[in-house]
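Numbering starts at 1 and runs along the sequence shown. Since the structure is predicted, the reported quantities are computational estimates derived from the model, not experimental observations.
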Amino acid sequence: MRSLLFVPGDSEKKLERGFSSGADVVIVDLEDSVSPDNKAHARGVAADFIASKRNDTRASIYVRVNDLSTGLTDDDLRAIVPIAPDGIMLPKSNSGADVQHLSTKLRVHEAENGLPDGAIRIIPIITETPAGVLATGSYAGASARLAGLTWGAEDLSAAIGARVARDSDGRYTDVFRLARAMTVLGAAAADVAAVDTVFVNFRDGEGLRAECLEAERDGFTAKMAIHPDQVAIINEAFTPTTDAVAHAASIVAAFEEAGNPGVVGINGKMYDRPHLRLAQRLLARARAAGVAG
């Protein structure tokens, strides 16, 4: 996955556009984009729409439920699990224990609906609370359902009392840069995808592109979007280039031809096992994006 697009769960028009956006993952949102008075209606709209589109889209379908502290999660799951989404996005996750808690709930709902145990994956948003930022290492081994980790700045800003998350140059301030870095490290420790947060100025395509390229440089492999127009830019930025694929393939081939040693030389430069692992990961991303065999 490269692009994950949020779509309000209570708007059929926006759902229709979201599902035709080309996003790798469509996140049908029952949380922040739905008002408290409209939660029940949104569940019905989202479930009916997903059921109607389930076999007509190549996108994976995730649903962002309301967080575990709200008392609304079970109602969300009761409405959504019967139509077998690919995954659940869990907001305001405080630690790997929250993922385990959600996984237990999913196991019950899967059994009640005749779905295979573990069929529904989980991507938690892990930095929306101070406790969450401090527990990013707890996701390793938390659940086989874990598909990735992502982060958010807006709820964290409110939780800590920060007036802004970015400085006058548009760069994240130190607390939010820490949250971002901890997400990459937590995802690497858990061996799952690191997904960058949203870029809220959806009309600033160049700003989005620059942030995508920086995120990809730093180890993120995907980014969330809040508008369909952002999807193409994100997909392009997180798709390995032809040159990068060729270089990675040459590294893998060199190790194979040399009998899988600890280090190889290519064109006068030495490459060791971490370079091989990086090349293998890039090729896996390229295959997933359809740009490598």
Side-chain angles (χ1 to χ4, degrees), residues 1 4 6-10 25-51 54 59-129 131-152 155 159 183 186-187 189-193 195 224:
M1 58 182 170
L4 298 84
F6 283 108
V7 185
D10 59 353
V25 179
V26 175
I27 306 169
V28 179
D29 189 23
L30 299 179
E31 195 215 13
D32 281 349
S33 66
V34 177
S35 69
D37 293 339
N38 211 32
K39 298 289 187 184
H41 175 67
R43 293 184 191 110
V45 172
D48 289 346
F49 194 89
I50 293 171
R54 197 68 187 83
S60 295
I61 301 172
Y62 275 61
V63 176
R64 179 165 69 171
V65 296
N66 291 278
D67 74 83
L68 294 169
S69 71
T70 63
L72 300 174
T73 314
D74 284 320
D75 288 339
D76 293 340
L77 296 178
R78 195 172 295 113
I80 292 300
V81 170
I83 46 90
D86 296 293
I88 298 294
M89 176 163 281
L90 177 65
K92 299 179 182 64
S93 181
N94 288 313
S95 70
D98 280 354
V99 169
Q100 292 170 343
H101 188 180
L102 176 59
S103 181
T104 300
K105 290 179 179 293
L106 283 171
R107 189 174 191 180
V108 173
H109 285 284
E110 286 169 341
E112 291 175 345
N113 288 279
L115 299 176
D117 183 23
I120 299 174
R121 309 295 299 280
I122 298 172
I123 297 177
I125 308 177
I126 66 172
T127 69
E128 293 185 308
T129 68
V133 176
L134 297 173
T136 51
S138 66
Y139 293 90
S143 174
R145 296 180 187 270
L146 197 65
L149 300 180
T150 189
W151 73 288
D155 285 282
T183 301
D191 195 24
V192 295
V195 181
M224 297 189 293

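Remark: the backbone N or O of Gly71 is not paired with any side-chain donor or acceptor of Asn66 at under 3.5 angstrom. Under a 3.5 Å cut-off, the side chain of Asn113 and the backbone N or O of His109 do form a donor-acceptor pair. Put simply, the side chain of Arg121 gets close to the backbone of Leu146: a donor and an acceptor are under 3.5 Å apart.
Between Ala140 and Ala189 the shortest heavy-atom distance is CB-O, 3.5 Å. When all heavy atoms of Glu128 and Ala159 are compared, the pair lying nearest together is O-CB, 4.2 Å. Contact detail for Val28 and Ala46: the closest heavy-atom pair is CG1-CB, 3.6 Å.
To the nearest 0.5 Å, the span separating CG on Leu90 from NE2 on His101 amounts to 10.0 Å. Leu102 CG to Asp74 CG: the interatomic distance, rounded to the nearest 0.5 Å, is 9.5 Å. Atom OG1 of Thr150 is separated from atom CE of Met224 by 3.0 Å, given to the nearest 0.5 angstrom. Distance OG1/Thr183 to CG/Leu149: 7.0 Å, rounded to 0.5 Å.
In this view, Asp32 satisfies the salt bridge (Lys or Arg N to Asp or Glu O under 4.0 Å) rule with no residue, not counting sequence neighbours. In this view, Ser69 and Asp67 satisfy the side chain to side chain donor-acceptor pair (under 3.5 Å) rule, not counting sequence neighbours. In terms of the side chain to side chain donor-acceptor pair (under 3.5 Å) criterion, residue partners of Ser33 (sequence neighbours excluded) are, by chain and number, Asp29. Among residues two or more places apart in sequence or in another chain, the side chain to side chain contact (heavy atoms under 4.5 Å, CB included) test is passed with Glu110 by Leu115, Asp117, Ala119, Ile120, Arg145. In this structure, Tyr62 has no side chain to side chain donor-acceptor pair (under 3.5 Å) partners at least two apart in sequence or on a different chain. Listed by chain and residue number, Asn94 satisfy the side chain to side chain donor-acceptor pair (under 3.5 Å) test with Thr129 (two or more places apart in sequence, or in another chain). Residues satisfying the salt bridge (Lys or Arg N to Asp or Glu O under 4.0 Å) test with Asp37, not counting sequence neighbours, are none. Legend: residues meeting salt bridge (Lys or Arg N to Asp or Glu O under 4.0 Å) with Asp10, ordered by chain and number and at least two apart, are absent.
Applying the salt bridge (Lys or Arg N to Asp or Glu O under 4.0 Å) definition to pairs two or more places apart or across chains, those involving residues 39-48 are Arg43-Asp76. For residues 134-144, the pairs satisfying side-chain hydrogen bond (donor to acceptor under 3.5 Å, both in side chains) are Ser93-Tyr139, with sequence neighbours left out. Applying the salt bridge (Lys or Arg N to Asp or Glu O under 4.0 Å) test to every pair with at least one member in residues 91-100, sequence neighbours left out, gives these pairs: Glu31-Lys92, Lys92-Asp155.
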Stepwise side-chain contact (heavy atoms from CB on, under 4.5 Å) test for Ile122 and Leu106: CA-CA 10 Å; Ile122 298 172; Leu106 283 171; 3.9 Å; yes
I'd like a table of donor-acceptor pairs (distance under 3.5 Å, sequence neighbours excluded) in which one partner is a side-chain atom from residues 77-89, with atom names and distances.
unit_1, atom_1, unit_2, atom_2, d
Arg78, NH1, Asp75, OD1, 2.7
Asp86, OD1, Arg54, NH2, 3.1
Asp86, OD2, Arg54, NH2, 3.4
Asp86, OD2, Ile61, N, 2.7

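In this structure, the side chains of Ile123 and Met1 come closer than 4.5 Å at one or more pairs of heavy atoms.
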